[in-house]
Peer 1: 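I have a structure I would like to understand better, so I am pasting it below and will then ask my questions one at a time.
Chain letters run A, B, ... following the sequence lines, proteins first and then strands; every chain starts at 1.
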There are 2 protein chains.
Amino acid sequence: MFSKATEYALRATIFIAQKGTEDNKIGIGEISKAIDSPPSFTAKILQALRKNNKIIRSVSGPNGGFYMTEKTRKLPVRAILEAMGENEMLDKCVLGLAKCSETKPCPMHSKYKIIKEQLIELFETKTIQHLADDTKNGDVFINNKSK
Amino acid sequence: MFSKATEYALRATIFIAQKGTEDNKIGIGEISKAIDSPPSFTAKILQALRKNNKIIRSVSGPNGGFYMTEKTRKLPVRAILEAMGENEMLDKCVLGLAKCSETKPCPMHSKYKIIKEQLIELFETKTIQHLADDTKNGDVFINNKSK
DNA sequence: ATAATTAAGGATAAATTTGTCCTGAATTAT
DNA sequence: ATAATTCAGGACAAATTTATCCTTAATTAT
């Protein structure tokens, strides 16, 4: 569905939302270990989420790392997708037509539209906080560690 | 959602279903023009759909080209996806976890599952014939030509 | 048989995505 | 101030996807 970069972005953000606060910042090492992702690549992705402090924040230096504010924790999952440039995916034609609309639809359009709307609804109502809370409660996971 | 290769595969198959019969085979030139795709790349993709005559058939030589039988026209869209190796996509985790299941779900799993099931249902009930018929009727399209 | 037409299939190239590494900048502790 | 830690950002490398081209094989018409 999404690129690997976006998958890492989602998992990393959930982890940061779950553990990272202004006085408990999380380093890239801990993050990539927790979500099972390549550290350097993940670092690059987090830079994008950090732009204009849109989703996450970071500070350099000892005890530095990544964290989130209460405000951005309340952002919908869609905000991460936007930051990762996955907006196109959410209104793209299944058959890959550049312009596929009500007035000039592809043969899958009408049925696919209904499903895509649910996807968008899901990404717009689920907040980062929700996902972090669920994960904290221990009934869902953001990695495949057996322990 | 799908790779470009799969998008071309879907559009090409619909076109072939619409126009290609054993005594009216369609050349790669006409196909790629009709669906607005790169000819050589499309040819390569059609080779895959042709394997074991799974989806389409072809013959070389003058008046050669691609066509379909009544039988494969009745195949669900999913058959094309399978042939293109997109099966993984249809049961992949949104967050990219290698193993995401009822017993060890990611935080999006329960909600996402419901939507994915609808997608699968759609791909399994819509047949190639359906899409070709709709296109033939002229109310839906498989390219972006203005004419 | 020969020539013409069309797909098959391999080699290769271009573009994009994924991933690594290194230097520099920011921050903190001593 | 200096050293140590951690992120920022650029350059580069590997892998994958997308795309092209060329030679061969199959088929048909003459």
Side-chain angles (χ1 to χ4, degrees), chain A residues 1-13 15-16 20 22-33 35-68 84-86 88-89 92 96 98, chain B residues 1-13 15-16 19-20 22-33 35-68 84-86 88-89 96 98:
Chain A
M1 165 122 258
F2 298 120
S3 67
K4 286 221 173 272
T6 297
E7 291 173 357
Y8 298 150
L10 290 166
R11 305 217 298 271
T13 304
F15 185 69
I16 294 166
E22 183 149 17
D23 41 61
N24 181 38
K25 309 189 195 77
I26 319 286
I28 190 64
E30 188 180 348
I31 294 169
S32 62
K33 213 166 276 181
I35 69 169
D36 195 22
S37 68
S40 300
F41 190 38
T42 308
K44 194 122 299 181
I45 291 160
L46 293 188
Q47 281 178 32
L49 298 180
R50 182 192 178 282
K51 280 251 171 116
N52 311 113
N53 294 321
K54 231 191 295 187
I55 314 270
I56 62 180
R57 291 174 182 239
S58 72
V59 323
S60 295
N63 298 314
F66 299 86
Y67 67 102
M68 290 182 77
M84 295 300 295
E86 295 272 13
E88 193 206 10
M89 147 86 230
K92 209 188 149 200
Chain B
M1 163 120 261
F2 298 120
S3 67
K4 286 218 174 275
T6 297
E7 291 172 358
Y8 298 150
L10 291 165
R11 305 217 298 270
T13 305
F15 184 70
I16 294 166
K19 294 224 174 164
E22 183 149 17
D23 40 60
N24 182 39
K25 310 191 195 73
I26 319 287
I28 190 63
E30 187 180 348
I31 293 169
S32 63
K33 213 166 276 179
I35 69 170
D36 194 24
S37 69
S40 300
F41 190 39
T42 308
K44 194 121 299 181
I45 291 160
L46 294 188
Q47 282 178 31
L49 298 180
R50 182 193 178 281
K51 280 250 170 116
N52 311 113
N53 294 323
K54 232 189 293 186
I55 315 271
I56 62 179
R57 289 173 184 241
S58 73
V59 322
S60 295
N63 297 312
F66 298 87
Y67 66 101
M68 289 181 79
M84 294 300 295
E86 295 271 12
E88 194 206 10
M89 149 85 229

Peer 1: Determine the minimum heavy-atom distance between M89(B) and M1(A), stating which atoms define it.
Peer 2: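 For M89(B) versus M1(A), the nearest heavy atoms are SD-N, 3.7 Å.
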Peer 1: Any side-chain N or O of R50(A) under 4.0 Å from OP1/OP2 of dA8(D)?
Peer 2: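 The answer is yes; a side-chain N or O of R50(A) sits under 4.0 Å from OP1 or OP2.
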Peer 1: Hey, does R57(A) have a side-chain heavy atom less than 4.5 Å from the side chain of M68(A)?
Peer 2: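 When only atoms from C-beta onward are counted, R57(A) and M68(A) do not touch, as no gap falls below 4.5 Å.
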Peer 1: Mind checking what makes side chain to side chain donor-acceptor pair (under 3.5 Å) contact with K44(A), not counting sequence neighbours?
Peer 2: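 By the side chain to side chain donor-acceptor pair (under 3.5 Å) rule, K44(A) matches no residue at all.
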Peer 1: Taking atom P of dT6(D) as reference, at what distance in whole Å does atom CD of Q47(A) sit?
Peer 2: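 The distance from CD of Q47(A) to P of dT6(D) comes to 17 Å, rounded to the nearest Å.
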Peer 1: For Y8(A), give me all partners under ring-ring contact (aromatic ring centres under 6.0 Å, His included), at least two apart in sequence or on another chain.
Peer 2: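 Checked Y8(A) against ring-ring contact (aromatic ring centres under 6.0 Å, His included); matches are F41(A).
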Peer 1: Rounded to whole Å, please give me the gap between CD1 in I28(A) and P in dG9(D).
Peer 2: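 For the pair I28(A) CD1 and dG9(D) P, the rounded distance is 14 Å.
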Peer 1: Check whether the side chains of S37(B) and T42(B) place a donor and an acceptor atom closer than 3.5 Å, and report yes or no.
Peer 2: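 Yes, side-chain donor-acceptor contact under 3.5 Å.
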Peer 1: F2(B): which residues meet the ring-ring contact (aromatic ring centres under 6.0 Å, His included) condition with it, sequence neighbours left out?
Peer 2: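 F2(B) satisfies ring-ring contact (aromatic ring centres under 6.0 Å, His included) with F123(B) only.
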Peer 1: Roughly how bent is the helix from dA1(C)-dT30(D) to dT30(C)-dA1(D) end to end, in steps of 10 degrees, with each end axis from five pairs?
Peer 2: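 One end's axis against the other's: 0°.
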Peer 1: Rounded to whole Å, how long is the line connecting atom CZ of F66(A) with atom P of dT5(D)?
Peer 2: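 In whole Å, dT5(D) P lies 18 Å from F66(A) CZ.
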Peer 1: To the closest 0.5 Å, what do you measure between CD1 (I45(A)) and CG (L10(A))?
Peer 2: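 Those atoms lie 10.0 Å apart.
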Peer 1: List in chain and number order the residues that pass side chain to side chain donor-acceptor pair (under 3.5 Å) with E86(A), two or more places apart in sequence or in another chain; answer none if no residue qualifies.
Peer 2: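 Here the qualifying residues are S3(A), T6(A).
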Peer 1: Anything under 3.5 Å between a protein N or O and an N or O of nucleotides 12-15 of chain D, put it in a table, one pair a line.
Peer 2:
none

Peer 1: Considering non-hydrogen atoms only, spot the tightest contact between P38(B) and S32(B) and give its length.
Peer 2: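 Taking every non-hydrogen atom into account, C-CB, 4.4 Å.
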Peer 1: Restricting both atoms to N or O, compile the protein contacts to nucleotides 11-17 of chain C shorter than 3.5 Å, with distance only.
Peer 2:
unit_1	atom_1	unit_2	atom_2	d
dA11(C)	N6	K44(B)	NZ	3.4

Peer 1: Side-chain donor-acceptor pairs under 3.5 Å in residues 47-54 of chain B, sequence neighbours left out?
Peer 2:
unit_1	atom_1	unit_2	atom_2	d
R50(B)	NE	S58(B)	OG	2.6

Peer 1: Please state how far atom CD1 in I45(B) lies from atom P in dT20(D), giving the value in whole angstrom units.
Peer 2: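 From I45(B) CD1 to dT20(D) P: 11 Å.
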Peer 1: Which part of the nucleic acid, if any, lies within reach of G65(A) when heavy atoms closer than 4.0 Å are counted: base, sugar-phosphate only, or nothing?
Peer 2: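 Sugar-phosphate, no base atom in range.
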Peer 1: Quick one: pull up OH in Y67(B) and CD1 in I56(B) and give me the separation to the nearest 0.5 Å.
Peer 2: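 One gets 10.5 Å once the value is rounded to the nearest 0.5 Å.
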Peer 1: Using ring-ring contact (aromatic ring centres under 6.0 Å, His included) as the criterion, list what pairs up with F66(A), not counting sequence neighbours.
Peer 2: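 So F66(A) forms no ring-ring contact (aromatic ring centres under 6.0 Å, His included) with any residue.
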Peer 1: I need the OH-P distance between Y67(A) and dC7(D), as an integer number of Å.
Peer 2: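 From Y67(A) OH to dC7(D) P: 13 Å.
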Peer 1: Please tabulate, for the side chains in residues 23-31 of chain A, all donor-acceptor contacts under 3.5 angstrom to protein atoms that are two or more places apart in sequence or on a different chain.
Peer 2:
unit_1	atom_1	unit_2	atom_2	d
N24(A)	ND2	K19(A)	O	3.1
K25(A)	NZ	E22(A)	O	3.3

Peer 1: Students often get this wrong, so: under 4.0 angstrom with heavy atoms, is I31(A) touching a base, only sugar-phosphate, or nothing?
Peer 2: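 I31(A): no heavy atom of the nucleic acid under 4.0 Å.
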Peer 1: For the pair made of CG in L49(B) and C1' in dA8(C), what is the distance, rounded to whole Å?
Peer 2: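 Rounded to the whole Å, the gap is 14 Å.
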Peer 1: Looking at I35(B) and R11(B), what are the two nearest heavy atoms and their distance?
Peer 2: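 Reported closest heavy-atom pair: O-NH2, 2.7 Å.
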Peer 1: dC21(C), dT20(D), dA19(D): which one has an atom nearest the side-chain heavy atoms of Y8(B)?
Peer 2: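 Side chain of Y8(B) sits closest to dA19(D).
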Peer 1: Protein within reach of the bases, or only the backbone? For nucleotides 23-30 of chain D, mark each nucleotide 5' to 3' as B, S or -, using heavy atoms under 4.0 Å.
Peer 2: ---BBBS-
Peer 1: Can you see if the side chain of S58(B) gets near the phosphate of dA8(C) - specifically, an N or O under 4.0 Å from OP1 or OP2?
Peer 2: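 Yes, because at least one side-chain N or O of S58(B) sits under 4.0 Å from OP1 or OP2 of dA8(C).
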Peer 1: Grab the CG-C1' distance between L46(A) and dC7(D) for me, whole Å please.
Peer 2: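 Result: 10 Å.
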